[in-house]
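Let me begin by presenting the structure, written as structure tokens, before commenting on it.
Here the structure is a predicted model, which is why all the values come from computation and not from measurement.
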Amino acid sequence: MNPIGVFGGTFDPIHYGHLRTAYELLRKLRLPEVRFLPCGTPPHREEPVADAQQRLAMVQMATAGQPGFIVDDRELHRAGPSYSVDTLVDLRAEYPSRSLCLIVGMDAFLGLPKWYQWRQVLELSHIVVAHRPGWRAPDLGPLGELLMDRGTGTGEDLHEARAGSIFIHAVTQLEISSTGLRTLIAEGGDPRFLMPDGVRDVIEKSGCYRRPRETDTAT
Ligand code: ATP
């Protein structure tokens, strides 16, 4: 079934927490590829700080040279909120016979019932949940039920069917967040060693997370 890892995010900015997660899952699940999809307009949160082109440039820099890492900018060309289900419908039409594995962190998985048409997600793809520091798998409510029904401990299931299973996997815990990085940079800190140097260069050159000086905002 030649599974495709589908890793969507705001990537505002992309960091080693994202990259290490994608790499470990690529290896663990023997995925021929992981696609990074920067989202255009995130449906469940405020607008990103860096613009779409800056976030795309950062994702390109971060993934360059890693076999199996692919950048897919389709969500940036779509008007309106970037719903994951629309992306999966698109990918399913393009790759009718391949397994799709939607990669999410545990925090994102816990919000799944709030996603647009969330029950359709498992009709279109598997869900691979990467554990993040401080989050626990739910055992109650709609997600608890879903895990009882669709959870699997066998990575092979993701190769044998195109969609429908949930696989939870612990990845090396790197407590890095984009929010923390934006704050660090706005306060004049250096994100070195938390993200690839190429990403840091894009941030430095564009000044996208620099806090505006009072003189810049004065009327
Ligand atoms: P923010 O702090 O702005 O909310 P973020 O760091 O969580 O951003 P996103 O682009 O929103 O980054 O995340 C994309 C995906 O990556 C989500 O599924 C999220 O759970 C996962 N993710 C983010 N940070 C990490 C991390 N440190 N380790 C593993 N997964 C992560």
Side-chain angles (χ1 to χ4, degrees), residues 2-42 48-78 82 84 86-88 90-91 94-95 98-109 125-132 155 158 167 169-182 184-185 190-209:
N2 221 4
I4 302 176
V6 179
F7 194 18
T10 316
F11 301 131
D12 185 25
I14 191 165
H15 53 69
Y16 281 137
H18 299 128
L19 292 162
R20 183 70 202 175
T21 296
Y23 180 68
E24 288 186 17
L25 292 173
L26 179 102
R27 302 292 298 258
K28 166 77 189 168
L29 298 171
R30 293 180 292 104
L31 302 174
E33 63 183 79
V34 171
R35 283 177 180 241
F36 289 74
L37 292 106
C39 77
T41 309
V49 175
D51 68 31
Q53 288 319 312
Q54 288 161 343
R55 289 182 295 114
L56 177 62
M58 291 190 269
V59 174
Q60 280 164 339
M61 280 294 183
T63 54
Q66 172 55 48
F69 279 10
I70 289 177
V71 182
D72 183 329
D73 63 359
R74 73 185 64 218
E75 292 191 355
L76 301 178
H77 300 299
R78 222 165 47 214
S82 303
S84 298
D86 292 341
T87 303
L88 293 172
D90 247 35
L91 288 167
E94 218 168 294
Y95 303 101
R98 290 182 72 174
S99 155
L100 298 176
C101 299
L102 182 70
I103 297 171
V104 293
M106 182 62 82
D107 57 325
F109 179 66
S125 72
H126 301 291
I127 301 179
V128 174
V129 186
H131 266 296
R132 281 187 75 180
L158 312 181
F167 182 81
H169 183 66
V171 293
T172 300
Q173 313 228 313
L174 295 173
E175 189 50 290
I176 307 172
S177 73
S178 301
T179 306
L181 285 169
R182 291 193 302 271
L184 174 85
I185 297 161
D190 189 335
R192 187 190 282 274
F193 305 128
L194 297 172
M195 57 173 56
D197 286 343
V199 177
R200 189 168 153 264
D201 289 346
V202 174
I203 294 172
E204 230 164 65
K205 286 202 187 95
S206 65
C208 54
Y209 301 123

Where Leu26 and Val34 come nearest, the two heavy atoms and their spacing:
CD1-CG2, 3.7 Å
Mind listing the closest non-hydrogen atom pair of Gly5 and Leu31 along with its distance?
CA-CD1, 4.1 Å
Taken to the nearest 0.5 Å, the spacing of Leu100 CG from His126 NE2 works out to 8.0 Å
Got a donor-acceptor contact below 3.5 angstrom from the Arg78 side chain to the Gly40 backbone?
no
I need the Ile70 CD1 to Glu33 CD distance, nearest 0.5 Å.
4.0 Å
Does Thr10 reach the main-chain N or O of Pro48 with its side chain, forming a donor-acceptor pair under 3.5 Å?
no
Taken to the nearest 0.5 Å, the spacing of His131 NE2 from Phe109 CZ works out to 10.5 Å
Leu184/Leu194 under side chain to side chain contact (heavy atoms under 4.5 Å, CB included): CA gap, chis, key distance, verdict:
CA-CA 11 Å; Leu184 174 85; Leu194 297 172; 4.2 Å; yes
What pair of heavy atoms forms the shortest contact from Leu37 to Glu75, and how long is it?
O-OE1, 4.2 Å
Arg182 side chain reached by Ser177 side chain, heavy atoms, under 4.5 Å:
no
Which pair of non-hydrogen atoms, one from Val171 and one from Glu24, has the smallest distance, and what is that distance?
CA-OE1, 3.3 Å
With the side chain counted from C-beta on, respond yes when Ile4 and Leu91 share a heavy-atom pair under 4.5 Å apart, and no when they do not.
no
Applying the side-chain contact (heavy atoms from CB on, under 4.5 Å) criterion to Phe167, which one of Leu29, Val129, Ile127 satisfies it?
Leu29
Strictly distance-based, threshold 3.5 Å: is any side-chain N or O of Asn2 a donor or acceptor partner for the main-chain N or O of Arg98?
no
With a 4.5 Å heavy-atom cut-off, do Leu19 and Phe7 have their side chains touching?
no
Can you tell me how far apart CD1 (Ile14) and CG (Leu181) are? Round to the nearest 0.5 Å.
11.5 Å
Rounded to the nearest 0.5 Å, what's the gap from CE on Met58 to OG on Ser178? Could you check?
8.5 Å
Heavy atoms of Leu25 and Ala130 approach each other most closely as CD1-CB, 4.4 Å
I need the single residue from Asp72, Thr87, Thr63 that forms a side chain to side chain donor-acceptor pair (under 3.5 Å) with Arg35. Which is it?
Asp72
Would you compute the distance between atom CD of Gln54 and atom CG of Asp12 and round it to the nearest 0.5 angstrom?
9.0 Å
Of all heavy-atom pairs between Tyr209 and Ala50, which one has the smallest distance, and what is that distance?
OH-CB, 3.5 Å
Just by modelled atom types, is the Phe193 backbone N or O under 3.5 Å from a matching donor or acceptor in the Arg200 side chain?
no
Between Ser125 (side chain only) and Cys101 (backbone N and O only), is there a donor and an acceptor less than 3.5 Å apart?
no
Who pairs with His18 by ring pair (Phe, Tyr, Trp, His ring centres under 6.0 Å), at least two apart in sequence or on another chain?
Phe11, His15
